[in-house]
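So the structure is just underneath, and the comments pick up after that.
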Amino acid sequence: MDVMKNFAAGGVGGICTVFIGQPFDTVKVRLQTMPRPLPGQPPIFTGALDCVKQTIAKEGFFALYRGMAAPIVGVAPIFAIFFGGCAVGKRIQGKAPGEELKFTENFIAGGIAGVFTTVVMTPGERIKCILQVQGASMGKEGAVQYKGPIDVVKKLYKEGGIRSIYRGTAATLLRDIPASGAYLSVYELLKKKFGGSEGTLSPGATLAAGGFAGIANWAVCIPADVMKSRLQTAPEGAYPNGIRSVFVEIMRDEGPRGFFKGFVPVMLRAFPANAACFMGLELTLSFFKYLGI
Ligand SMILES: CC(=O)O[C@H](CC(=O)[O-])C[N+](C)(C)C
C-alpha cells in the first residue's frame, strides 16, 4: 500500500514538475543544441529570452510545450523508481526503513536511485529532446520530421533498433547519479533544518526544500546534461565514440564555457518546477492520509 501511495503521489509530483518546467526545458535544449554560427554570422538565439521570443513568434506559444507527452508518460514511473531506488540505496547501506541518514548516506542512496531511473529516463529524454529541437533552426513549416513521441520511437527503431532509442545512456548516468544524490540529500537536509518530518512540513517549507533540491540537482549536472542533449539529438554516426566524442568537440570548438549552455533556463526552471513537484507529492500524500488510506 505504501509503495502504491508513493507511486501515485510521485506521479502527481512529476506531472506538476513537467507542467511548470516544460517551457524552460524547451529553451534549455534549444540553446544547448543550436548549431554553431558560421564566422561573421549571428547565433540563431542570442540567449534564453531571445529563444523564447523567437519560438513564440515563429512557432506559437505551444511550441514551448512541444515534446511534453513523453516526459508526462515517463515521469510517474521515474519518480516511482526514484523513491523505490532511494529505499534500496538505504537498505544497501544497512539502514532500516525510517532510520535517519547522514547527508553522505542520502547522497549515495539518491545516486543508486539515479542508476535505476536511467532505464526509463534515457529513452524519455531522447524522444523529448528530438521533439523539442525540431523546427528550432528553421521556420514553422518544413522542419517537422516527427509527428509525436510514437513516431519518434518508430523512426529511431527503424534507424538503429533499441541501441538508437537508448542512445545517451552513459551521459544520462553521468548526469543522474550525482544529480539524484544531490536531490535527495539536499531535500532531506532542508527538511530536517525546517523542522519537519514526513507530512508535517508547512507549504512554504515544502516549496523551499523542493526548490533548493532542484537547484542542487542541476548545479552538479549541467555539463553532463549538455553532452547528453547533443548526443541524443545528433544524426546517426555524428559522434562515433559517443560521449567522449561530444566532450572533445565541445572542448575544441567552445572551450569549458560550452558545457554550461542552457544554464540560465535550467536554473530558472529548477526552483519552481521542483517546488511544484514536492508540493504535489506532499499534498497527494496528505490527501491519502485525509481519506484514511
Ligand atoms: C535530471 C532530472 O530530471 O532531475 C529531476 C529533477 C528535475 O528538475 O526534473 C530529479 N530526479 C532525476 C531525481 C527525478
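Computed from a predicted model, the values in this text were never measured in an experiment. FYI, the numbering just counts along the sequence from 1. Whatever order the structure lists ligands and atoms in, that order sets their numbers, starting from 1.
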| With side chains defined as the heavy atoms from C-beta onward, is the minimum distance between Y239 and E249 less than 4.5 Å? | yes
| Partner set under side-chain contact (heavy atoms from CB on, under 4.5 Å) for K155, not counting sequence neighbours | Y146, D151
| field | Minimum side-chain heavy-atom gap V18-Y65 below 4.5 Å | value | no
| request: Enumerate the residue pairs fulfilling salt bridge (Lys or Arg N to Asp or Glu O under 4.0 Å) with a member in residues 39-49, sequence neighbours excluded, ordered by first and then second residue. | output: none
| query | Between the side chains of Q132 and T26, does any donor sit under 3.5 Å from an acceptor? | reply | yes
| request: Only counting residues at least two apart or in another chain, list the ones meeting side-chain contact (heavy atoms from CB on, under 4.5 Å) with L291. | output: F287, I293
Table of N or O contacts for ligand 1, cutoff 3.5 Å:
| unit_1 | atom_1 | unit_2 | atom_2 | d |
| --- | --- | --- | --- | --- |
| ligand 1 | 4 (O) | N217 | ND2 | 3.3 |
| ligand 1 | 8 (O) | W218 | NE1 | 2.8 |
| ligand 1 | 8 (O) | R269 | NH1 | 2.8 |
| ligand 1 | 8 (O) | R269 | NH2 | 3.4 |
| ligand 1 | 8 (O) | N274 | ND2 | 3.0 |
| ligand 1 | 9 (O) | R269 | NH2 | 3.0 |

